[in-house]
Amino acid sequence: MFALYINDLIHDLRARGLGVPFGDGAIRTLLSCLLIADDVVTIARSGRELQAELDTIASFCARFRMEVGIKKCGIVVFGRPYEWYAGMQWFIGGVRVPTGCALLALGWSLG
């Protein structure tokens, strides 16, 4: 049943132009998230874009009366020194999402 709804999240993210460019030539798209079962990993180019993705997810969840399991959430920043994002905070549904240097997501260790 969840699979029927989750495609709307992908559509919502793409409609807002969120994600990182992926592919080249004739096959080019925005990669905004990775999905497996009920887990979602978002991919953003900036802190501002990440917050826009989190806001989109919060709106999606509200529309379908779902809740985000904030205890399972985390943010990992790649390719930037810690000083770049130290002090930055991101929120989903008004709740701060923890930031760390590593995260277990979709069964993979990221970080």
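The figures that follow rest on heavy atoms only: side chains count, while hydrogens, waters and symmetry mates do not.
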Contact summary for [X] and [Y], nearest pair of heavy atoms:
X     : Y     : result
Gly93 : Ala58 : N-CB, 3.8 Å
Gly19 : Glu49 : N-OE2, 3.0 Å
Ile43 : Glu53 : O-OE2, 2.8 Å
Gln51 : Gln89 : OE1-O, 4.4 Å

If you count heavy atoms of other groups shown closer than 6.0 angstrom to CZ of Arg48, is the number above 12?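 Check fails, neighbour count at 12 or below.
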Could you tell me if the side chain of [Y] sits less than 4.5 Å from the side chain of [X], heavy atoms only?
X     : Y     : value
Lys72 : Asp39 : yes
Pro21 : Arg28 : yes
Cys73 : Val68 : yes

Is Arg45 reaching over with its side chain to a backbone N or O of Val20, donor-acceptor style, under 3.5 angstrom?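 No; judged by distance alone, with no hydrogens or angles, the pair does not exist.
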Is there a donor-acceptor pair under 3.5 Å between the side chain of Trp90 and the backbone N or O of Leu54?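 Not at all, since once roles are kept as given, no pair shorter than 3.5 Å links the two residues.
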Hey, quick one: are Val40 and Leu30 part of the same hydrophobic cluster, counting side-chain heavy atoms closer than 4.5 Å, chains of contacts allowed?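 No.
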Nearest 0.5 Å, what's the [atom1]-[atom2] distance between [X] and [Y]?
X     : Y     : atom1 : atom2 : answer
Leu50 : Phe91 : CG    : CZ    : 12.0 Å
Asp12 : Arg63 : CG    : CZ    : 4.5 Å
Thr42 : Ile57 : OG1   : CD1   : 5.0 Å
Phe64 : Leu9  : CZ    : CG    : 9.5 Å
Leu31 : Leu18 : CG    : CG    : 12.0 Å
His11 : Thr56 : NE2   : OG1   : 11.5 Å

Side chains of Arg14 and Ser32 only: does a donor on one sit below 3.5 Å from an acceptor on the other?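 No, Ser32 and Arg14 have no side-chain donor paired with an acceptor closer than 3.5 Å.
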